[in-house]
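Note that ligands are numbered from 1 as they come in the structure, with each ligand's atoms numbered from 1 the same way.
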Amino acid sequence: MTDVIVAGGGAAGMMTALTAARRGLAVTVLEPNGRMGKKLRITGKGRCNVTNDCEPQEFLKSVRSDPRFLKSALYAFPPSAAREFFEELGVPLKTERGGRVFPVSDSADDVADALERACRQTGVRFSKERLTEIRTLDGRVTGVATDRGERPCRAVVLCTGGISYPGTGSTGDGYALAEALGHRIVPPRPSLVPIEAEPDCGRMQGLSLRNVVLSLYRGDKLLYREQGEMLFTHFGVSGPLVLSASTYISGDVREYRLELDLKPGLTPEKLDERLLRDFGENINRDFVNSLDALLPQKLIPVVIVRSGIDPRVKVNSVTREQRLRLRDLIKRFPIRLTGLRPVEEAIVTAGGVDVTEVQPRTMESKLVSGLYFAGEILDLDARTGGFNLQIAWSTGYAAGRSIPLEEEQ
Ligand SMILES: Cc1cc2nc3c(=O)[nH]c(=O)nc-3n(C[C@H](O)[C@H](O)[C@H](O)COP(=O)(O)OP(=O)(O)OC[C@H]3O[C@@H](n4cnc5c(N)ncnc54)[C@H](O)[C@@H]3O)c2cc1C
C-alpha cells in the first residue's frame with residue numbers, strides 16, 4: 001500500500017515526494033497534468049530563479065506573510081541547502097544580481113526534469129489523477145478519492161498550489177479539500193501582479209525601462225523603493241519592480257501611487273544641467289524635438305503633455321520655471337493606479353490555508369492527523385527573487401521528512 005499520497009506534482013509536491021521516498025516511505029504523486037512541474041517549467045521566464053542566495057534571517061525579510069511560521073522550515077532547509085540539493089541532482093547553479101540563483105543552463109526544464117528523475121529513481125510513483133476527496137476516520141487520514149477511484153493511505157500532502165496561472169493546473173482544488181476538513185482559508189488574492197494604471201500608460205505600451213527607481217506610496221508614506229526594470233503595458237504597468245511593489249498593496253488600490261525616477265543616476269541639479277545642455281544644443285528647435293537624447297521615444301509625448309509646455313514652442317523660450325517642472329517630472333514621474341490585474345494573472349497567490357492551523361516544524365494539520373501541506377497552497381508568499389520557490393522547497397522538505405514511518409506511529 002502507498003504510505004503517502006502527494007496531491008500535485010509541482011515544485012512543492014516533487015520535493016515532498018523525494019524527501020519522503022528517500023526515507024523509505026512508499027509515495028505516490030497524483031498530478032492531473034500529463035507533465036510534472038508545468039508551472040515550474042515557466043518560472044523565471046523559462047530560466048527558473050530557483051532560490052535566493054541569502055541567509056535565512058535575511059530571507060525572512062522578503063516574506064510578506066507569514067515569516068514567523070516559515071522560520072523553522074526555512075532554517076531546516078535554507079537556500080544553501082537548496083543549492084546543494086540541486087547541484088547534487090546534477091543541476092549546476094549560478095548567482096545573478098540580487099542573489100537570484102539560476103541553473104547555469106538557464107533552463108527551467110533542467111530543474112523540473114532533475115527533480116522528476118530523482119523521484120522516479122527513488123521509487124516515487126506518478127499517476128495522472130485528480131484528488132477529489134480526503135477520507136478520514138476519528139480525525140485521522142485513511143485514504144483519498146480521486147477521479148479514478150479510491151486509494152487507501154496513511155498520509156496526504158496537499159501541494160496543489162494557489163489559483164494563479166490556472167492553465168498550469170493550479171485551480172484552487174486544495175482550498176476546497178482543506179476546507180472540507182475544517183481548515184480556514186484566508187481569502188486568496190493576487191500577489192506579484194501587474195497593476196492597472198491611468199490611460200496614458202497604455203500609450204507607452206511595450207516600453208521597457210531597465211534602470212529606473214520605482215517608489216510606492218500610500219498617502220505620504222513610502223512603502224517600497226527599488227532600482228531595476230519595469231514595463232508599460234496596454235492596461236498599465238508590469239515587470240519585476242512593479243510585481244514586487246504590488247505585494248505592498250492591500251485594500252483599495254486607488255489609495256496608492258507609484259513614482260518613477262527616470263534618471264536615478266543624475267541628482268536634480270545634474271539633471272537640470274543636462275536639460276540646459278540639451279536645450280543649448282537644440283536652441284532653434286521645437287521643445288517636442290529636444291528630448292530625444294534624454295528619454296526613450298515612447299515616453300516623450302506623455303512627458304510633454306504632462307509637463308504642460310507647448311510642444312511647438314522653441315526651446316529657447318522655455319522658462320526656468322517650466323524647465324524645473326520638467327526636471328521634477330522626470331525625477332518623480334507619477335503613475336496613478338486604478339486596479340490590480342486578476343489573481344489568475346498573478347505570479348503568486350497570497351492567502352490560502354491559514355497557517356495558524358498548521359504545525360510550522362512538520363507542516364502537519366493541527367486538525368487532522370496525517371494531513372500535511374506544502375507550497376503555495378499555504379498562506380505564505382514573498383517578493384520576487386527566488387523566494388517563492390524556496391518556500392516550496394523548505395515546506396516540501398519539512399513535510400517529507402516529518403511523515404512518520406509505519407513503525408514510528
Ligand atoms: C510565470 C511565473 C513565473 C514564476 N517565476 C518564479 C521564479 O522564477 N522564482 C520563484 O521563486 N517563483 C516563481 N514563481 C512562483 C512559483 O512558480 C510558485 O510559487 C511555485 O511553483 C509553487 O509551487 P507549488 O508546488 O506549491 O504549486 P504549483 O507549482 O502550482 O503546483 C501545483 C500542482 O498541483 C496540481 N493539482 C491541482 N489540483 C490538484 C488535485 N486536485 N489533485 C492533484 N493535483 C492537483 C496542479 O496540476 C499543479 O501541477 C513564478 C510563477 C509564475 C506563474
Geometric N/O contact N49 with ligand 1, under 3.5 angstrom: yes

Distance from atom 2 (C) of ligand 1 to nearest protein heavy atom, with residue and atom: I347 CD1, 3.7 Å

Per-atom contacts, ligand 1 versus G375 - under 4.0 Å to a heavy atom: 26 (O)

Polar side chain donor-acceptor pair, R225 to Y217, under 3.5 angstrom: yes

Salt-bridge criterion met for D53 and R100 (N-O under 4.0 Å): no

Closest approach of any protein heavy atom to atom 23 (O) of ligand 1, naming residue and atom: A11 CB, 3.9 Å

Atom indices of ligand 1, in the order listed, that fall short of 4.0 Å to a heavy atom of S170: 30 (O)

cation_pi(R323, F279) dist<6.0 Å, angle<=45: no

Nearest-contact summary for atom 35 (C) of ligand 1 - protein heavy atom, Å: E31 OE1, 3.4 Å

Salt-bridge present (R151, E129; N to O < 4.0 Å): yes

Atom indices of ligand 1, in the order listed, that fall short of 4.0 Å to a heavy atom of D173: 38 (N), 39 (C), 40 (C), 41 (N)

Interfacing atoms of ligand 1 (cut-off 4.0 Å, heavy-atom, C159): 32 (C), 33 (C), 34 (O)

Side chain, backbone, both or neither: S164 near ligand 1, heavy atoms under 4.0 Å: neither

Polar contact flag, side-chain donor to acceptor under 3.5 angstrom, T356-D354: yes

Atom 22 (C) of ligand 1: the protein heavy-atom neighbour that sits closest, reported with distance to 0.1 Å: E376 OE1, 3.4 Å

Protein heavy atom at shortest distance from atom 29 (O) of ligand 1: K39 CB, 3.7 Å

Worked verdict on S238 versus T233 for side-chain hydrogen bond (donor to acceptor under 3.5 Å, both in side chains): CA-CA 7 Å; S238 187; T233 67; over 6 Å; no

Region of R130 engaging ligand 1 - heavy atom pairs below 4.0 Å: both

Nearest neighbour in protein (non-hydrogen) for atom 37 (C) of ligand 1: G169 O, 3.2 Å

Residue N388 vicinity, atoms of ligand 1 by number, heavy atom under 4.0 Å: 11 (O), 12 (N), 19 (O)

Flag for T247-S191: side-chain donor and acceptor within less than 3.5 Å: no

Heavy-atom check, side chain of F126 versus side chain of E116, under 4.5 Å: yes

R140 bridged to D138 by N-O distance under 4.0 Å: no

Between T349 and S164: side-chain donor-acceptor atoms closer than 3.5 Å: yes

Heteroatom proximity flag, L389 to ligand 1, N/O under 3.5 Å: yes

Protein contact of atom 3 (C) of ligand 1 - nearest heavy atom, named by residue and atom, plus distance: T43 CA, 3.6 Å

Parallel, tilted or perpendicular: ring planes of Y248 versus Y224, cut at 30 and 60 degrees: tilted

L40 near ligand 1 by a heavy-atom separation under 4.0 Å: no

Polar atom proximity, Y165 to ligand 1 (N or O, under 3.5 Å): no

Atom 25 (O) of ligand 1: the protein heavy-atom neighbour that sits closest, reported with distance to 0.1 Å: A12 N, 2.9 Å

Donor-acceptor pair, side chain of T122 and main chain of R22, under 3.5 angstrom: no

Numbering as shown, the atoms of ligand 1 that approach N33 to under 4.0 Å (heavy-atom distance): 47 (O), 49 (O)

Any N or O of G44 closer than 3.5 Å to N or O of ligand 1: yes

F59/F387 aromatic ring centres below 6.0 Å: yes

Within-cut-off N or O pair, E129 and ligand 1, under 3.5 Å: no

Under 4.0 Å to a heavy atom of G8 - the qualifying atoms of ligand 1, by number: 33 (C), 34 (O), 35 (C), 43 (C), 44 (N)

Separation of D173 CG from L131 CG (nearest 0.5 Å): 8.0 Å

